[in-house]
There are 4 protein chains.
Amino acid sequence: MRREKPKFKQIIDAAVVVIAEHGYHQAQVSKIAKQAGVADGTIYLYFKNKEDILISLFEEKMGSFIEKIEQETEGISSSLEKLYVLVKTHFSVFAADPHMAVVTQLELRQSNKELRHRINEVLKGYLRLIDRIIVEGMEKGEFRRDLDVRLTRQMIFGTLDETVTTWVMNEQKYDLAALADPVYELLIKGCAAGR
Amino acid sequence: MRREKPKFKQIIDAAVVVIAEHGYHQAQVSKIAKQAGVADGTIYLYFKNKEDILISLFEEKMGSFIEKIEQETEGISSSLEKLYVLVKTHFSVFAADPHMAVVTQLELRQSNKELRHRINEVLKGYLRLIDRIIVEGMEKGEFRRDLDVRLTRQMIFGTLDETVTTWVMNEQKYDLAALADPVYELLIKGCAAGR
Amino acid sequence: MRREKPKFKQIIDAAVVVIAEHGYHQAQVSKIAKQAGVADGTIYLYFKNKEDILISLFEEKMGSFIEKIEQETEGISSSLEKLYVLVKTHFSVFAADPHMAVVTQLELRQSNKELRHRINEVLKGYLRLIDRIIVEGMEKGEFRRDLDVRLTRQMIFGTLDETVTTWVMNEQKYDLAALADPVYELLIKGCAAGR
Amino acid sequence: MRREKPKFKQIIDAAVVVIAEHGYHQAQVSKIAKQAGVADGTIYLYFKNKEDILISLFEEKMGSFIEKIEQETEGISSSLEKLYVLVKTHFSVFAADPHMAVVTQLELRQSNKELRHRINEVLKGYLRLIDRIIVEGMEKGEFRRDLDVRLTRQMIFGTLDETVTTWVMNEQKYDLAALADPVYELLIKGCAAGR
DNA sequence: TATGAATGAGAATTCATTCAT
DNA sequence: AATGAATGAATTCTCATTCAT
């Protein structure tokens, strides 16, 4: 299993640093190799090509992102609380890894359509996790029963994503994690005044 | 004023077509020139460089997008209804211009950070329009008074954007305009069950 | 017609010089461009890729080679004399263009199978010319009537080719053109003692 | 003596198979090692470098080729018959080993000038064998006494080589061995009609 | 204004060879 | 003797931009 080889992770971590610091279009393979402390050719013992580095990077990081959120929400019975933990975790993971935030929110989106479709495949795992929480919440009566699952998920993900992206574009000047509470409240209550 | 010259629009329209049909990375200046029916060099009489074409494209299209929404919401007194009309118009504009939808939601996002920052400058006009509706709504008591304007705007824009992007990625298979009502309801009521 | 553009010929001539002097594997595009006095990119305005330069080179040179031999043999009624002129011309053309001799006899043969197949297509024109002389000679009774045309052509071409190659490998130390007479005699009389 | 070690032959045989099946430019050292069932590094215990494999391959195969022809012609008193047996054996050896035919007639010729010069050194043994037959034949009066030995040898070798190459390029569709008789006749009688 | 031929910088990838084990 | 992971040099081609006409 290649993922256990130390060099595999070493190269991926190097790619995150290089992309975050120099930007997607200035992240040459030789720069990544140098940062990883290996020869250019060594990269190709672990990755098919440059794109494969980026896909693997996303799979690896997004994989543990999803895992983490699954762990954190596991055992929670309330769907509302699950959603809260998801928002909280989503924000704190990015807040804790600024490099990664830049890479996923800005740099990797410059990749070509092909790569972005591959990335979307990985993202689907996260979207399904959100879907499950929504369905569960509807069944339990914690969420409105007339929700359209796909639209609701698009609201949740779209809001989280936009919030993180704005934070990154503002050079991470403010405390992202602190936004979890108000954002959660917005998502469940909406913006209209109560009746 | 260059924007009034016929070739200026001609080139921008050519760029939209070329990018929509061939993708951002296959949209070479020479291809755009050919589509516009002018020589490569002529492009540079109207635009500083390639990036300038894309920024102008976005300004031009986004400008009329914002204008249209301003016109539609003007004269409406209810902020809730203003929001509804904004959602409705946002979706119907993209539904009516599939080329443009592909270009703004997928292709132009592959541009580099610099260009994306410039694009965001243009977007700010739209975001401010949303902000005004939110502030107004809070003042009128139609929206909750404890809203964080920026977060609320991020929810609204993030949700609309994600919804349109998903629709484009699904090859515009379903009726986007029809989603205005449920999305509007989601945004104002949130997903939690009523009390 | 691209062949009339001066740069087309200019680049081909540069390729012959560079390949002859540096060898096939040291004939980088940039070296050819420099020799031709154009920018690297200019090459690609006239040729699809590097291989296309080599194919065009062969077509161009071989084309005029065949033309020349056709002209020289035209109007000659005797097939034996036609063969003699062919041998003579074959040798004198190479003797007059040492660079080209090195390129066709040694360097171009290092190209890959694909390129060599394309080159063989061009060669076929020459082989057919030889075939015509043989058939004609048999009809006139100047050549033995029991000849196998293909084998006879292989003997003629194989002998000429091997003779030129040996001469090139011996660094063109001796007078190639002077070999036309004995080689012609060999081809028509064979090596056995007369009866 | 390295040639007696089993792995030496094992690697050479592997090289023939790999080159015949994948072509010269796709015959990487690692592929040859895999086919031979040894590690990449092991190759370098038996060969100085990649070129050395190819030269050894040619020496080994050409060596037994020449030996076989020497054996077959030994004890024959007539030079004409010797030539006949040489032609016959030349063709039947290649007909019996299609892999080898592809390798020597097509693939190995793609090697660089340096390697081809080394290969020519090996070939010289064969050319000298032909020379001896010619000289002998002239002395005995079976061959014309005015032959130029070098040219005659070039005709003989050039014809055989061209015939085998054409056969290989035609995918060995016809019976090469059957060409021995007409080719022999051509070589001794030439193509002119008898007097 | 308009043209379009010419420019030239810049980067992913392969593979023969080494050497610590 | 044998291994195979690691090395790193080396080259084609694209395309935004210019400028003489």
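Just so it is clear: chains get the letters A, B, ... in the order the sequence lines come, proteins before strands, and each one is counted from 1.
Under the 4.5 Å side-chain criterion, counting only non-hydrogen atoms from C-beta, D/M169 is in contact with C/H117. You'll find the side chain of C/M100 stays beyond 4.5 Å of the side chain of C/F65, heavy atoms only.
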Side-chain polar contacts of residues 10-25 of chain C - donor-acceptor pairs under 3.5 angstrom, sequence neighbours left out - could you list them?
from	atom 1	to	atom 2	distance (Å)
C/Q10	NE2	C/A36	O	2.9
C/D13	OD1	C/K61	NZ	3.4
C/H25	NE2	C/Q110	OE1	3.3

Inset, instruction - Could you summarise the pairing of DNA chain E as dot-bracket text, marking Watson-Crick and G-U pairs under 3.5 Å with ( ) or [ ] inside the strand and | across strands? - result: .||||||||||||||||||||
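Residues meeting the side chain to side chain contact (heavy atoms under 4.5 Å, CB included) test with A/K124, sequence neighbours left out: A/E121, A/R128. Under the ring pair (Phe, Tyr, Trp, His ring centres under 6.0 Å) criterion, B/Y44 pairs with no residue at all, not counting sequence neighbours. Residues that satisfy the ring pair (Phe, Tyr, Trp, His ring centres under 6.0 Å) test with A/F58, not counting sequence neighbours, are absent from this structure. Qualifying side chain to side chain contact (heavy atoms under 4.5 Å, CB included) partners for A/S30, counting only residues two or more places apart in sequence or in other chains: A/Q28, A/D40. Qualifying salt bridge (Lys or Arg N to Asp or Glu O under 4.0 Å) partners for A/R116, counting only residues two or more places apart in sequence or in other chains: none. Under the side chain to side chain contact (heavy atoms under 4.5 Å, CB included) criterion, D/V102 pairs with D/E107, D/V168, D/Q172, sequence neighbours left out.
OP1 or OP2 of E/dA6 lies within a sub-4.0 Å distance of a side-chain N or O belonging to C/Y46. The shortest distance between the side-chain N/O atoms of D/K7 and the OP1/OP2 oxygens of F/dA2 is below 4.0 Å.
Positionally, the nearest nucleotide of DNA chain E for C/V38 lies more toward the 5' end than for the other of A/L45 and C/V38.
Atom P of nucleotide F/dA2 and atom CZ of D/F47 are separated by 13 Å, given to the nearest angstrom. Rounded to an integer number of Å, the gap from NZ of D/K31 to C1' of E/dA16 is 14 Å. Atom CD1 in A/I11 sits about 14 Å away from atom P in F/dA5, given to the nearest Å. Between the P atom of E/dT1 and the CZ atom of B/F8 lies a distance of 14 Å, rounded to the nearest Å. Rounded to a whole Å, the CD1 atom of C/I32 is 12 Å from the C1' atom of F/dT11. Atom NZ of B/K48 and atom P of F/dA16 are 16 Å apart (whole Å). With rounding to whole Å, A/I43 atom CD1 is found 12 Å from F/dA6 atom P. Rounded to whole angstrom, the span from the CD1 atom of B/I53 across to the C1' atom of F/dA16 amounts to 10 Å.
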Review item, nucleotides 10-12 of chain E N/O atoms under 3.5 Å of protein N/O:
from	atom 1	to	atom 2	distance (Å)
E/dA11	OP1	A/Q28	NE2	2.7
E/dA12	OP1	A/K50	NZ	2.9
E/dA12	OP2	A/V29	N	3.1

